[in-house]
Amino acid sequence: MTLRAYKQTIKRILENTIEKSGLPEVEIQVKETTRPEFGQLYVNTPFTLGKILGRMPIDIAVELAGDIELQEGLVAIPFQPGYLNFRISGSQLAFKTLRASIVPDLGKGETVIIEHTSVNPNKALHVGHGRNLVIGDSIARILKATGHITTVINYVDDSGVQVADILVGFLHSGYPVWPSKGTKFDQYVGDEVYVGVNEQYASTPSLEEKRKSILQELEGDNEISRFAKEITVRILRDQLKTCWRLNSRYDLLAFESEIISLRLWDSLFRKMKRARIAKYEDEGRLKGTWVVTQKTGNTDPKNVDDEKVLVRSDGTATYIAKDIPFAAWKLGLTEDKFSYSNFSRQPDGSILWRTSTKDGENHPKFGGANRAITVIDVRQNRLQEIIRSVLEAVSSMPLRDRYIHLGYEVVILSRESRTNMSGRKGVYVNVDEALNAISQKAMIETRKRNPGASQKWVESIAEKIAIAALRYSLVRQDLDKVVVFDFAESLRLDGETGPYVQYSFARACRIIEKAGEEPVISESSASLLDKEWEASLILSLAKLGMRIEESALNLSPKNLAKYTFFLSSQFNAFYERSPVLQEQNKELRNARLSLVYRFKETLGIVTNLLGIDTPEKI
RNA sequence: GGGCCCGUAGCCUAGCAUGGAUAGGGCGCCGGUCUUCGGAAUUGGAAAUAAUGAUGUGAACCGGAGGUCCAGGGUUCGAAUCCCUGCGGGUCCGCCA
């Protein structure tokens with residue numbers, strides 16, 4: 001039984017007690033206390049009841065404490081000015097916590113689609129994309145571990161202007177199709193071709209004409225569109241190398257060009273016309289277009305800004321006309337016209353599928369999920385809202401809980417100048433470059449600590465440290481906060497960082513390795529763990545289920561990142577003050593050793609949910 | 001102009017959804033510890049080396065200093081948290097994607 005189970009038990013028993021005492025029914029929230037002398041859990045129900053009944057909260061707290069019947073080892077203590085605190089006996093909490101680490105089942109088979117990464121196939125991933133990937137991948141891991149059936153999608157926008165830009169570079173500006181040796185193709189295209197072509201547009205206006213004609217060719221089946229596919233898939237394969245390097249994985253690649261060629265838009269557009277959400281403009285500045293009006297409660301009739309064009313006056317659809325059917329497909333609001341084929345095998349052994357227009361292979365079910373989570377930065381807020389409100393109108397269902405835009409703030413390079421990363425201008429830090437730099441530094445540190453180790457081993461450890469450092473730094477902040485990517489900061493290996501967490505894990509492994517035998521925990525030996533720092537480590541370990549639950553419900557991986565750091569620093573404090581292997585008292589040694597075991601397992605579970613590897617030795 | 005978001009020590013950040021007990025961390029700073037690693041020097045010894053160890057160092061630990069929770073008003077027994085107004089910053093508002 002973990003703290004999460006205690007919480008549920010207390011809630012149930014307290015509800016019964018209130019009912020039996022004839023007190024009014026109120027919503028009960030069992031919360032964690034801020035300090036150990038208040039016990040571990042508390043409710044402020046006496047305040048709520050006091051208000052209703054016009055009585056002193058403390059009197060009600062005393063009364064409830066007297067009436068409530070709790071299991072052995074759990075007591076209720078009234079506290080001024082009206083809290084009801086619950087104290088779990090140290091030995092019992094220790095014993096129960098040390099027996100097992102439990103991940104709660106919250107999903108009950110709910111199907112969830114998570115879309116993340118979705119980098120345009122014309123450049124390498126920069127750290128802004130890295131934030132998207134790390135958030136999305138962590139959430140996918142958390143949801144999967146808590147009993148949800150997840151499908152992870154990486155959307156490939158292979159039909160837009162950005163693709164036309166690089167084709168201009170290859171076909172008209174003389175960029176070679178093969179970069180110089182040692183350069184990744186995605187990096188070469190992003191750094192040289194894409195940036196170069198965008199600079200040339202200013203000086204050579206005729207290039208823009210060329211782009212226009214390429215853009216038209218892309219919609220059809222011809223030499224240029226086939227060349228575009230070849231190039232974008234080559235870039236995609238290199239991007240995936242970076243994604244996999246960051247420990248991410250996907251189930252499906254969805255190609256925008258196939259949404260177009262399968263004409264998924266048509267049936268949606270018909271439905272939208274029928275539902276009268278799509279309106280034809282007879283006059284005004286949008287004459288000849290089909291628009292959708294967002295219901296915003298904007299009362300000013302002169303304000304036309306919340307109209308969004310769906311179909312241009314020349315009859316072509318705008319990009320939102322690709323997003324809407326895809327979003328509808330995710331929730332099963334439109335039929336599944338895709339075929340699917342095997343794209344490649346991933347490092348974790350699973351198959352990465354891709355949408356396809358050709359005859360499909362035997363594939364798992366895609367689309368039609370209970371819930372769709374789209375990870376995109378906050379600048380897409382308005383568009384995502386439009387998409388959801390269109391889907392709501394078409395399906396006449398509220399979708400607030402089913403179509404979720406998980407927005408996060410952008411990554412910038414400097415707070416003073418607020419340098420936004422821009423692929424077009426070539427202002428960004430690539431994920432691979434960042435990882436290489438951190439890895440370099442970690443390699444020096446690892447070598448210092450392991451002079452006799454093989455170069456290959458040192459390199460593999462340094463790589464894992466680099467990934468942990470980057471993933472941790474991108475996931476630890478609130479989604480609403482702008483991340484300033486500071487190179488010096490990202491090279492830090494101490495303080496609140498991924499490597500610090502890995503270090504404490506490795507410390508635990510050292511002790512376990514040297515101890516040799518696995519300890520057997522009994523209630524009496526658990527009671528020996530009575531030191532303040534031991535009790536607080538146990539309490540933190542007992543919160544595993546609660547922490548996972550809240551991050552799954554709030555889609556907030558940051559909570560788990562904080563939790564790994566907190567556990568690690570508590571473990572390090574324990575490590576300094578409670579020697580395990582030197583302890584002469586066999587039973588105490590045994591109890592401490594099982595605490596080390598439990599710490600290792602718990603931390604291993606949580607770091608895994610964050611995609612951080614924990615080597616046994618670093 | 002309208003929508004959304006942010007404002008917490010020198011810097012970064014948690015807590016805000018669901019109001020509650022002394023606002024929790026990290027970096028940096030000051031002081032200390034040490035089963036980290038290096039080590040001037042001293043003592044013993046012919047030597048290998050052993051003991052002591054200034055001082056440095058640290059993915060380690062302990063302690064300390066550092067706060068108008070942007071401002072003002074309101075609701076409440078109680079506000080960092082809820083409401084209103086204002087200030088500062090960001091972002092979105094193309095027949096681009």
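The sequence lines fix the lettering, A, B, ..., with proteins before strands; numbering per chain opens at 1.
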RNA chain B nearest-nucleotide lookup for A:I618 and A:S313: closer to the 5′ end is A:I618

Check whether the side chains of A:N381 and A:H405 place a donor and an acceptor atom closer than 3.5 Å, and report yes or no. yes

Table of protein N/O atoms under 3.5 Å from nucleotides 3-9 of chain B N/O atoms:
| unit_1 | atom_1 | unit_2 | atom_2 | d |
| --- | --- | --- | --- | --- |
| B:C6 | OP1 | A:D480 | OD2 | 3.4 |
| B:G7 | OP1 | A:K481 | NZ | 3.4 |

Picking from B:A97, B:U13, B:G20, the nucleotide nearest the side-chain atoms of A:V161 would be B:A97

Could you tell me the separation between the CD atom of A:E32 and the P atom of B:A21, rounded to a whole number of Å? 14 Å

Say we look at B:G88 and B:G24: how far apart would their P atoms be, to the nearest angstrom? 32 Å

Looking at B:C95, does its base get a donor-acceptor pair with the side chain of A:T318 below 3.5 Å? no

B:A51 and B:A60, which share atom name C1', separated by this distance in whole Å: 27 Å

Less than 4.0 Å between a side-chain N and a carboxylate O, is that true for A:D314 and A:R312? no

B:G20 phosphate, OP1 or OP2, under 4.0 Å from A:K31 side-chain N/O: yes

Hey, does A:E37 reach any base, or is it just sugar-phosphate, or nothing, if we go heavy atoms under 4.0 Å? base

A:T289 side chain, from C-beta outward: closest of B:A17, B:C95, B:C61: B:C95

Side-chain ion pair, A:R507 and A:E576, N-O less than 4.0 Å: yes

Say we look at B:G31 and B:C69: how far apart would their P atoms be, to the nearest angstrom? 30 Å

A:Q570-A:S540 side chain donor-acceptor pair, cut-off 3.5 Å: yes

Within 45° of the ring axis of A:F269 and under 6.0 Å from its six-membered ring centre, is that where the NZ or CZ of A:K273 lies? yes

Is a donor from one side chain sitting under 3.5 angstrom from an acceptor on the other, for A:Y500 and A:N572? yes

Give me the distance, rounded to whole Å, that separates B:G25 from B:A41 when you measure between the C1' atoms they each carry. 42 Å

Spacing of the C1' atoms in B:C87 and B:G72 (rounded, Å): 10 Å

Identify whether any heavy atom of A:K514 sits under 4.0 Å from a base atom; if not, whether one sits that close to sugar-phosphate; answer base, sugar-phosphate or nothing. nothing

Once you apply a heavy-atom cut-off of 4.0 Å, does A:D157 come out as touching a base, just sugar-phosphate, or nothing? sugar-phosphate

What integer number of Å spans the C1' atoms of B:C5 and B:C27? 26 Å

To the side chain of A:R507, which of B:C61, B:A14, B:A60 is closest? B:A60

Does the pair A:E409/A:K481 count as a salt bridge with the N-to-O cut at 4.0 Å? no

Value in whole Å for how far the P atom of B:U35 lies from CZ of A:R592: 18 Å

Verify the stacking flag for A:F79 against B:A21: centroid separation must be under 5.5 angstrom and the ring planes must differ by under 30 degrees. no

Please measure how far the C1' atom in B:G19 lies from the corresponding atom in B:G58, and state the result in whole Å. 44 Å

At less than 4.0 Å, is any side-chain N or O atom of A:K558 found next to OP1 or OP2 of B:G15? Yes or no. yes

So, A:R400 and A:E392, do they make that salt bridge, N to O below 4.0 Å? no

Would you say the base of B:A21 and the side-chain of A:N85 have a donor-acceptor pair closer than 3.5 Å? yes

In whole Å, what separates the P atom of B:G56 from that of B:C29? 14 Å

Counting side-chain heavy atoms from C-beta on, which of B:U91, B:A21, B:A97 comes nearest to A:Y83? B:A21

Can you see whether A:Y201 has A:R211 sitting over its ring - NZ or CZ less than 6.0 Å from the centre and within 45° of the normal? yes

The side chain of A:R285 is closest to which nucleotide in this list: B:G20, B:C95, B:C62? B:C95

Contact class for A:V309 vs. all strands (heavy atom < 4.0 Å): base, sugar-phosphate, or nothing? sugar-phosphate

Quickly work out the A:R577 CZ to B:C61 P distance and round it to whole Å. 10 Å

Nearest-0.5 Å distance, CG of residue A:L470 to OG of residue A:S490: 7.0 Å

By nearest atom, which of the nucleotides B:A21, B:A97, B:G78 is closest to the A:K51 side chain? B:G78

Evaluate the ring planes of A:Y42 and A:Y83, with Trp represented by its six-membered ring, and classify them as parallel (under 30°), tilted (30 to 60°) or perpendicular (over 60°). perpendicular

For B:G20, give the paired nucleotide (Watson-Crick: N1-N3 plus N6-O4 or O6-N4; G-U: N1-O2 and O6-N3; both under 3.5 Å), or none. B:C77

Measure all distances between protein nitrogen or oxygen atoms and nitrogen or oxygen atoms of nucleotides 36-38 of chain B, and list the pairs falling under 3.5 Å.
none

Pairing partner of B:C4 (Watson-Crick or G-U wobble, both distances under 3.5 Å): B:G90

For B:A40, which nucleotide is its Watson-Crick or G-U wobble mate, given both distances must be under 3.5 Å? none

First encountered from the 5' end of RNA chain B, between A:N450 and A:G284: A:N450

Flag the pair A:E513 and A:R510 as a salt bridge only when some basic side-chain nitrogen lies within less than 4.0 angstrom of an acidic carboxylate oxygen. yes

Thinking salt bridges, do A:K558 and A:D478 make one under a 4.0 Å N-O criterion? yes

Report, one pair per line, the protein and nucleotides 24-33 of chain B atoms (nitrogen or oxygen only) whose separation is under 3.5 Å.
| unit_1 | atom_1 | unit_2 | atom_2 | d |
| --- | --- | --- | --- | --- |
| B:G26 | O2' | A:E496 | N | 3.3 |

Side-chain donor-acceptor pair under 3.5 Å between A:S578 and A:E534, yes or no? yes

